[in-house]
Structure formats: C-alpha cells, structure tokens
Q: 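One structure, as structure tokens, below. Some questions next.
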Amino acid sequence: MTKPITYPLSRRGMLGTSGAALLAAGSPAFASMPQEGPDTPKLTMYISGPPNDAEMRKVKQIGINVVDIPDMPPIPWTADLLRSWMDKMKTQGLSLGIVMTPWFDKDHMEPHWLKIVHGLPGRDVEINKFKDCIQAAGKTGLPVVEYNFFPHRANEGYHETPGRGGSSLLTFDYDRMKNLPPLPDEGAVTYDQVWANYTHFLKEVVPVAEAHNVRLSVHPNDPP
C-alpha cells in the first residue's frame, strides 16, 4: 500500500486554502456576506465632472460602483449632458448616483444660490432652474440631486491642527466665529427668515422631485 504524500501546513497555505474556499461558488460563508443589490445602501465616491477615465478606473478598482459628482456646472443642466456622462461611466461599469448643484464660488456663496437662501429678488428664477435640473435627472434615471442650504458664515470656525505622522486634521471651534459680523456682500438673515425661505424652496421643488422620481438630498453646513 502506497503511503500518501503529506505537505507541511504553512500560514500562507492556510490563508490561500481558506480564501479559495470562501470564494468558491456556492460557499455558504461567501453567500451569507452582504451583497450590494437594488434595495441596499450604496457606497459612493467623488469624481470630477465631466468624468475622466483615470478617476473612473480608480474608484472601480477599489470596489465602488456608484459615483458622486459634487462639482457640477452651473444650473440648469440638460438631460443630454447627464446622459452623456452616464453613458461614459457605463463603459467602466459605473453608474451615476448623485450630483450636487453649485452653491459656493471661491470664498463666497454662489450669487445665484444666495438669492434662494436669503430670499432675495430673483430667487424664483433660480428655483425654476433647479426644477429644470430635477426634471433632467428624472429623464435620465439619475436618482439623487443634492443641494446646500445655509447662510454662509461659519467657515472661519474651521482650522487645521497637526495630527499623527505629520498629518493635518481639520477641527471646528465655535468661539472663533460666534461674534463675527455678517459678510458685507452677503448680509444677515434671521433664524426665522432662514426657515421661511427654506419652506418656500421645498414647497416649490419637492412636488417636482416626486413627480419625476428623484430624491433630494440636503447638505447643510457641518457642524450644523
């Protein structure tokens, strides 16, 4: 009778064997791991707009399937623009999950969006542009449109502190900005005015979003 050949079991061998077993088709351990599907939350990652091949490859290589474009062009966008970007993403196995309307220009709030937040003359013209964006998103199947809504006067509260290994950490100190005067070119708005302006905005845009099967996502200033 021939004696079976045995091999010493190494740590690398154990890892390789266990990994192959987990990845084997039908493995109960692998099958029980949460898998991304139509009804599960999606992990997204920023890429620039318009999308470029290098960024798309990067996010795909680390396992991201849905991307977020925060630096969109001025509103309104067209369905043709969104569709062309989405078609390009499909070539890399990606889908566009969320875009954000421009709200900040260098060190100041974007003037057109400021009209909406502060309730200035011409705000309804800008709101209608945002409605056009929502409709364009609905036509292309883009699920989420994000916006920002806050009176601009908190950036001075941020400052950098040194972290481990020479890293730079961003922190916020309310005392740095609590007594600052309003920005001269933006003015002040009261708490009640903010809510009145926001209520007006939502009453205008939410029905449009619902009609076009688009979710709206608000990105308030952080910390709130």
Side-chain angles (χ1 to χ4, degrees), residues 38-39 41-42 44-51 65-90 94-155 183 185-222 224:
D39 300 322
K42 305 296 184 293
T44 66
M45 189 171 179
Y46 287 162
I47 67 169
S48 301
N65 298 314
V66 184
V67 297
D68 177 351
I69 298 183
D71 54 344
M72 292 293 291
I75 62 174
W77 319 310
T78 65
D80 288 341
L81 171 72
L82 295 176
R83 192 175 290 112
S84 67
W85 289 8
M86 296 166 80
D87 288 345
K88 186 173 183 179
M89 292 176 196
K90 288 178 182 178
L94 298 169
S95 62
L96 182 59
I98 180 170
V99 298
M100 186 172 185
T101 182
W103 64 275
F104 207 66
D105 183 18
K106 297 179 181 177
D107 294 329
H108 296 81
M109 187 173 287
E110 202 278 337
H112 300 288
W113 200 253
L114 186 67
K115 293 178 181 179
I116 299 175
V117 175
H118 282 230
L120 300 176
R123 69 170 176 180
D124 288 328
V125 173
E126 302 306 322
I127 289 176
N128 286 335
K129 292 180 183 178
F130 188 68
K131 291 179 184 178
D132 290 341
C133 295
I134 297 171
Q135 294 175 15
K139 291 177 181 178
T140 60
L142 174 62
V144 182
V145 174
E146 184 180 7
Y147 63 94
N148 207 317
F149 204 104
F150 77 95
H152 173 215
R153 202 52 174 132
N155 285 4
L183 294 171
D185 56 347
E186 294 188 18
V189 60
T190 67
Y191 181 88
D192 290 337
Q193 286 174 322
V194 171
W195 280 108
N197 296 339
Y198 193 33
T199 299
H200 175 82
F201 172 75
L202 291 178
K203 285 183 176 180
E204 289 289 323
V205 301
V206 168
V208 179
E210 291 178 338
H212 291 82
N213 198 31
V214 174
R215 291 181 179 270
L216 299 180
S217 171
V218 60
H219 188 307
N221 197 44
D222 31 41

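When a residue number appears, it is its place in the shown sequence, counting from 1.
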Q: To check you understand the geometry: which heavy-atom pair defines the closest contact between Pro73 and Leu81, and what is its length?
A: CG-CD2, 3.9 Å
Q: How close do Pro76 and Cys133 get, counting heavy atoms only, and between which atoms?
A: CA-SG, 3.6 Å
Q: Between Val99 and Leu142, is the side chain to side chain contact (heavy atoms under 4.5 Å, CB included) condition met? List the steps.
A: CA-CA 9 Å; Val99 298; Leu142 174 62; 3.6 Å; yes
Q: Taking CG in Asp87 as the centre, count heavy atoms belonging to other residues, nucleotides or ligands within less than 6.0 Å. Is the count above 12?
A: yes
Q: Atom CG in Leu202, atom CG in Asn197: separation rounded to 0.5 Å?
A: 11.0 Å
Q: Do Lys88 side-chain atoms and Pro51 backbone N/O form a donor-acceptor pair below 3.5 Å?
A: yes
Q: Rounded to the nearest 0.5 Å, what's the gap from CG on Asp124 to CD1 on Ile116? Could you check?
A: 9.0 Å
Q: Go through the steps to decide whether Lys42 and Asn65 satisfy the test side chain to side chain contact (heavy atoms under 4.5 Å, CB included), and finish with yes or no.
A: CA-CA 8 Å; Lys42 305 296 184 293; Asn65 298 314; over 6 Å; no
Q: Quick one: do Lys129 and Glu126 satisfy salt bridge (Lys or Arg N to Asp or Glu O under 4.0 Å)? Show the steps, please.
A: CA-CA 5 Å; Lys129 292 180 183 178; Glu126 302 306 322; 3.5 Å; yes
Q: Where does the angle between the aromatic ring planes of Phe201 and Phe130 fall among parallel (under 30°), tilted (30 to 60°) and perpendicular (over 60°)?
A: tilted
Q: For Ala136 and Ala79, work out which heavy atoms get closest and say how close.
A: CB-N, 3.6 Å
Q: I need the full list of side chain to side chain donor-acceptor pair (under 3.5 Å) pairs touching residues 67-85, with sequence neighbours left out, sorted by first then second residue.
A: Asp80-Arg83
Q: To the closest 0.5 Å, what do you measure between CD1 (Ile69) and OG1 (Thr44)?
A: 11.0 Å
Q: Given the rule in the side chain to side chain contact (heavy atoms under 4.5 Å, CB included) test, do Asn148 and Met100 qualify, once you have shown the distances and angles that lead to the verdict?
A: CA-CA 8 Å; Asn148 207 317; Met100 186 172 185; 3.8 Å; yes
Q: What about the rings of Phe149 and Trp195, do their centers lie closer together than 6.0 Å?
A: no
Q: Measure across Val117 and Pro151 and return the closest heavy-atom pair with its distance rounded to 0.1 Å.
A: CG1-N, 3.9 Å
Q: Rounded to the nearest 0.5 Å, how far apart are CG of Leu94 and CE of Met89?
A: 7.5 Å
Q: Please report the closest heavy-atom contact between Pro143 and Gly97, naming both atoms and the distance.
A: CG-O, 3.2 Å
Q: What pairs meet the side chain to side chain donor-acceptor pair (under 3.5 Å) rule with one or both residues in residues 135-147, with sequence neighbours excluded?
A: Tyr147-Tyr198
Q: Roughly how far, to the nearest 0.5 Å, is the CD1 atom of Ile98 from the OG atom of Ser217?
A: 4.5 Å
Q: Over all heavy atoms of both residues, which pair between Leu96 and Val67 is shortest? Give the atoms and the distance, please.
A: CD1-O, 3.7 Å
Q: Provide the full list of salt bridge (Lys or Arg N to Asp or Glu O under 4.0 Å) pairs with a residue in residues 197-208, sequence neighbours left out, each pair given once.
A: Lys131-Glu204
Q: Under 3.5 Å, side chain of His118 to main-chain N/O of Leu114, donor-acceptor pair present?
A: no
Q: Starting at CZ of Phe150, measure out to NE2 of His219 and round the result to the nearest 0.5 Å.
A: 9.5 Å
Q: Give the intermediate values and the outcome of side chain to side chain contact (heavy atoms under 4.5 Å, CB included) for residues Leu216 and Val205.
A: CA-CA 9 Å; Leu216 299 180; Val205 301; 3.7 Å; yes
